[in-house]
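Note sheet for the following structure.
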Amino acid sequence: MSSFSTKFCPMFVCFLILLPSLVVGECTCDSESEERNKPEALKYKLVALASILVFGAIGVCIPLLGKFVSWFNPENNLFYMIKIFAAGVILSTGCVHVLPDAFENLTSPCLNDNWGKFPWTGFSMMGAVILVLIIESFLPGYMNRSSRNNKNVDEENSEPQVHVHTHVTHGHAHGSVAAAADDHQLLRDRVLAQVLELGIVVHSVIIGISLGASQSPDTIKPLVIALTFHQFFEGMGLAGCISQGKFKARDMVIMALFFALTTPIGIVIGIGISDTYDENSPKALAVEGILNATSAGILIYMALVDLLAPGFRESKVQSSGRLQLASIISVLFGAGSMSLLAVWA
């Protein structure tokens, strides 16, 4: 799984480098009237950068403390409730925050009329869902086959041994099957965590660039608090999936840093291109719209299929009416809290 992380890092860096060149463009539509004050706006941008970085890091670190704090152990009911709450946050992020932005971008009158002849938002979202499904189905199977082939090669190279047929060998065989099932689930959890992070990272960079490129203090002020809580809740959701994947400590730190730094990096990029960036240019609208729709597809699919559905089907939940009720309240509270933030961001 470390090789997957190694391939993901260069792809992410290339994405950060190429995105500014894709969204910079000349104005073809009149921008909304807003009071512009570049020095004042810069102060709020720096406050937003520090606030989002700190609270995003806190949010992504809380569920990762399971190794040190018993309350956050993955087997604990409190951790389960945090995970369900965070799944509601991720679902709301996709449905209430990201998807409407994608529709707004790709149905803008600033775009060429040809863009309105095809439902690009729904198509991009569907493509992302199918892609995630393929990755989740193919990658664990591919890695299991590779692991099995390597094991067979090692066995062929080892010295032959005399096999004694006893009941102990049967027990060993059953143990091997159980271990293989656990390994498959672990691989699936790791794929889930990294694909989910990809969807969150794409969205985080876009909102960071949008905030960094804005020259209006009145626009930035409400976004500071809203995006701070936004990143805090998203971080908790992502960290819950990372802890389930049981990554090595180094990999967990890298993934946590990726999440915590993406929006601040987006803000820095936005500040750098603020003189040339135009959110109403056709190129910016098209690129942001398709990326937002893709991100929404990833977040909604993973919240429903990989987090909420398996969580509600766990045996400890099915056997406890109180835990079922608490789960429903938790997901509603998570989705409702994140939806409320849409008033400001």
Side-chain angles (χ1 to χ4, degrees), residues 4 7-8 11-12 14-15 18-19 22-23 86-142 187-207 209-210 230 234 237-238 241 259 262 266 279 281-313 331 334-335 338-339 342 345:
F4 187 78
K7 293 177 182 177
F8 175 77
M11 290 172 58
F12 173 73
C14 291
F15 170 75
L18 291 175
L19 186 59
L22 292 174
V23 298
V89 168
I90 292 171
L91 179 62
S92 176
T93 300
C95 293
V96 181
H97 291 261
V98 188
L99 190 57
D101 287 347
F103 274 109
E104 183 180 354
N105 289 334
L106 294 177
T107 57
S108 171
C110 301
L111 285 174
N112 189 294
D113 291 340
N114 292 328
W115 281 91
K117 296 179 180 178
F118 188 79
W120 287 104
T121 306
F123 180 77
S124 301
M125 181 178 169
M126 178 188 71
V129 169
I130 294 174
L131 180 62
V132 173
L133 177 63
I134 292 172
I135 291 173
E136 285 194 345
S137 303
F138 172 78
L139 195 57
Y142 170 77
L187 283 172
R188 188 175 181 279
D189 288 339
R190 291 183 174 181
V191 172
L192 186 158
Q194 295 187 76
V195 175
L196 177 61
E197 177 154 27
L198 177 63
I200 292 174
V201 159
V202 170
H203 171 58
S204 296
V205 173
I206 291 175
I207 61 177
I209 290 177
S210 299
H230 183 282
E234 268 192 352
L238 175 62
C241 295
F259 170 79
T262 44
E279 63 181 7
S281 73
K283 187 186 294 186
L285 288 168
V287 171
E288 289 182 16
I290 290 176
L291 288 176
N292 275 329
T294 302
S295 177
I298 294 173
L299 296 177
I300 293 171
Y301 173 90
M302 304 204 85
L304 292 173
V305 177
D306 292 323
L307 297 175
L308 289 174
F312 275 86
R313 285 199 295 261
V331 70
M338 199 64 176
S339 298

Would a 4.5 Å heavy-atom cut-off, applied to side chains only, mark V96 and M338 as touching?
no
Residue pair F312 / V331, side-chain heavy-atom distance below 4.5 Å
yes
Rounded distance (nearest 0.5 Å) linking atom [atom1] of [X] with atom [atom2] of [Y]:
{"X": "K283", "Y": "L111", "atom1": "NZ", "atom2": "CG", "result": "13.0 Å"}
{"X": "I135", "Y": "L192", "atom1": "CD1", "atom2": "CG", "result": "11.5 Å"}
{"X": "M302", "Y": "L133", "atom1": "CE", "atom2": "CG", "result": "10.5 Å"}
{"X": "N105", "Y": "W115", "atom1": "CG", "atom2": "CH2", "result": "10.5 Å"}
{"X": "Y301", "Y": "L131", "atom1": "OH", "atom2": "CG", "result": "10.5 Å"}

Aromatic rings H230 and H203: how do their planes relate, parallel, tilted or perpendicular, breaks at 30° and 60°?
tilted
The residue among L238, V195, V205, T262 that forms side-chain contact (heavy atoms from CB on, under 4.5 Å) with I200 is L238
Tell me which one of L304, D306, L196, I300 satisfies side-chain contact (heavy atoms from CB on, under 4.5 Å) with I90.
L196
Please report the shortest heavy-atom distance between P282 and C110, naming the atom on each side.
CG-O, 3.7 Å
Testing the basics here: between F259 and E197, what is the closest heavy-atom pair and its distance to 0.1 Å?
N-OE2, 3.4 Å
For S339, what residues pass the side chain to side chain donor-acceptor pair (under 3.5 Å) criterion, not counting sequence neighbours?
S92
Output a table of donor-acceptor pairs, distance under 3.5 Å, between side-chain atoms of residues 289-299 and any protein atom two or more places apart or on a different chain; print 'none' if there are none.
| residue | atom | partner | partner atom | Å |
| --- | --- | --- | --- | --- |
| N292 | ND2 | E288 | O | 3.2 |
| T294 | OG1 | I290 | O | 2.8 |
| S295 | OG | G199 | O | 2.7 |

